[in-house]
Each structure stands twice: as C-alpha cells, then as structure tokens.
Amino acid sequence: QVQLVESGGGLVQAGGSLRVSCAASRSIFRFNVMGWYRQAPGKQRELVASITLGGRTNYADTMQGRFTISRDDAKNTVYLQINSLNSEDTAVFYCNAKYLGPVALDYWGQGTQVTVSS
C-alpha cells in the first residue's frame, strides 16, 4: 500500500507556469511507472505524462512540449512542470503509481486542482 499526495495546484494566469508534486509514502522504486493524469470538468481522465523506473518519459500526443515530468527518487517525489498554461489546462491533476508484477497494482492520489484564468 502507498499513499500519494499531490500538491502545488492553484489559480494561475494564462501563460504562466506551475509545478505540481506527488509525494509517495514509500519508495517509488517499488513502482514500474509513475504518471500524471488530468480530468477536466465534464471530461474523462486522461494521461498527461509518465516516467519509468529507468527514467524513460512518455507524453500524450497533445501534451508534447509544455509538460515535463521528472522524479526525485531520494525524495520519493514525482513532479510535473507545466508551462504556457491555458484555459484548457484547468483540471484536477492526479498522480498514479503502477506496479506491473504478477499481480498488477495501481494507486491514485486525491488530486490537485489547477485553474487557469484568462
């Protein structure tokens, strides 16, 4: 079991930047993939970016360029840097941890709200 706690969301003006963080209650070395998802009002949750245990990153096609995912294993924390924010980025951002062993495990944080004002 692991708890994922997101932080860093808030109200930001369009064009600004924000970094959201996901702190895990135990070592993130346990998880094959850490990821960030977002869910905008009235829409389905969608992948933003993910990062593997080996540091390989993957971004959703529509997220290329403005989002950067990173990890600090010593702090058990994963970050998502978001630049050039626009109104379509208004969403709850969720952290996810996946263990891809014989019994797959999937953990979610409670989310952090990002609101972009125009």
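A quick note: this is a predicted structure, and the numbers were derived from the prediction, not measured.
- For the pair Thr90 (side chain) and Val116 (backbone), a donor-acceptor distance under 3.5 Å is present.
- Ser17 places no side-chain N or O within 3.5 Å of a backbone atom of Asn83 that could act as its donor or acceptor partner.
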List the steps and the verdict of side chain to side chain contact (heavy atoms under 4.5 Å, CB included) for Asp89 and Val12.
CA-CA 10 Å; Asp89 295 318; Val12 186; over 6 Å; no

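- A continuous path of hydrophobic side-chain contacts links Ile51 to Phe31 [ILVMFWY only; heavy atoms under 4.5 Å].
- Not a single donor-acceptor pair under 3.5 Å links the side chain of Glu6 to the backbone N or O of Cys22.
- In this structure, Thr112 contributes its side chain and Gly9 its backbone to a donor-acceptor pair below 3.5 Å.
- Of all heavy-atom pairs between Leu85 and Arg66, the closest is CA-NH1, 4.0 Å.
- Val20 and Val2 fall within the same hydrophobic cluster, defined by Ile, Leu, Val, Met, Phe, Trp and Tyr side-chain heavy atoms under 4.5 Å apart, directly or through other members.
- Note: Ser25 OG to Asn76 CG = 8.5 Å, rounded to the nearest 0.5 Å.
- Inter-residue side-chain proximity for Phe67 and Arg38 is flagged as met; some heavy-atom pair is nearer than 4.5 Å.
- Contact annotation: the side chain of Ser118 never approaches that of Ser87 to less than 4.5 Å [non-hydrogen atoms, C-beta and beyond].
- Judged by the 6.0 Å distance and 45° axis criteria, Arg45 is positioned over the aromatic ring of Tyr94.
- Between Tyr37 and Trp108 the shortest side-chain heavy-atom distance falls below 4.5 Å.
- Under the 4.5 Å side-chain heavy-atom criterion for grouping Ile, Leu, Val, Met, Phe, Trp and Tyr, Ile82 is not connected to Tyr79 through any hydrophobic cluster.
- Residues Gln113 and Phe93 have side chains not in contact (no heavy-atom distance under 4.5 Å, counting atoms from C-beta outward).
- Atoms SG and CD1, on Cys95 and Ile28 in that order, are 8.5 Å from each other to the nearest 0.5 Å.
- A 4.5 Å side-chain heavy-atom check between Thr57 and Ser50 finds every atom pair outside the cut-off.
- A donor-acceptor pair is defined here as one N or O able to donate and one able to accept, closer than 3.5 Å; such a pair exists between the side chain of Tyr59 and the backbone of Ile69.
- Taking hydrophobic clusters as Ile, Leu, Val, Met, Phe, Trp and Tyr residues chained together by side-chain heavy-atom distances below 4.5 Å, Met63 shares a cluster with Val114.
- Clustering ILVMFWY residues whenever any of their side-chain heavy atoms sit less than 4.5 angstrom apart, transitively, puts Tyr99 in the very cluster that holds Val78.
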Please lay out, stage by stage, how Asp106 and Asn96 fare under the test side chain to side chain contact (heavy atoms under 4.5 Å, CB included).
CA-CA 7 Å; Asp106 205 16; Asn96 175 260; 2.8 Å; yes

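- Side-chain atoms of Thr77 and Asp72 include no donor-acceptor pair closer than 3.5 Å.
- Here the straight-line distance linking atom CG of Leu18 with atom CD of Gln81 works out to 7.5 Å at 0.5 Å rounding.
- Between Glu46 and Gln39, every side-chain heavy-atom pair lies at or beyond the 4.5 Å cut-off.
- Atom OG1 in Thr52 sits 7.0 Å away from atom CZ in Arg71 (nearest 0.5 Å).
- When all heavy atoms are compared, the tightest approach of Leu80 to Ala49 is CD1-CB, 4.3 Å.
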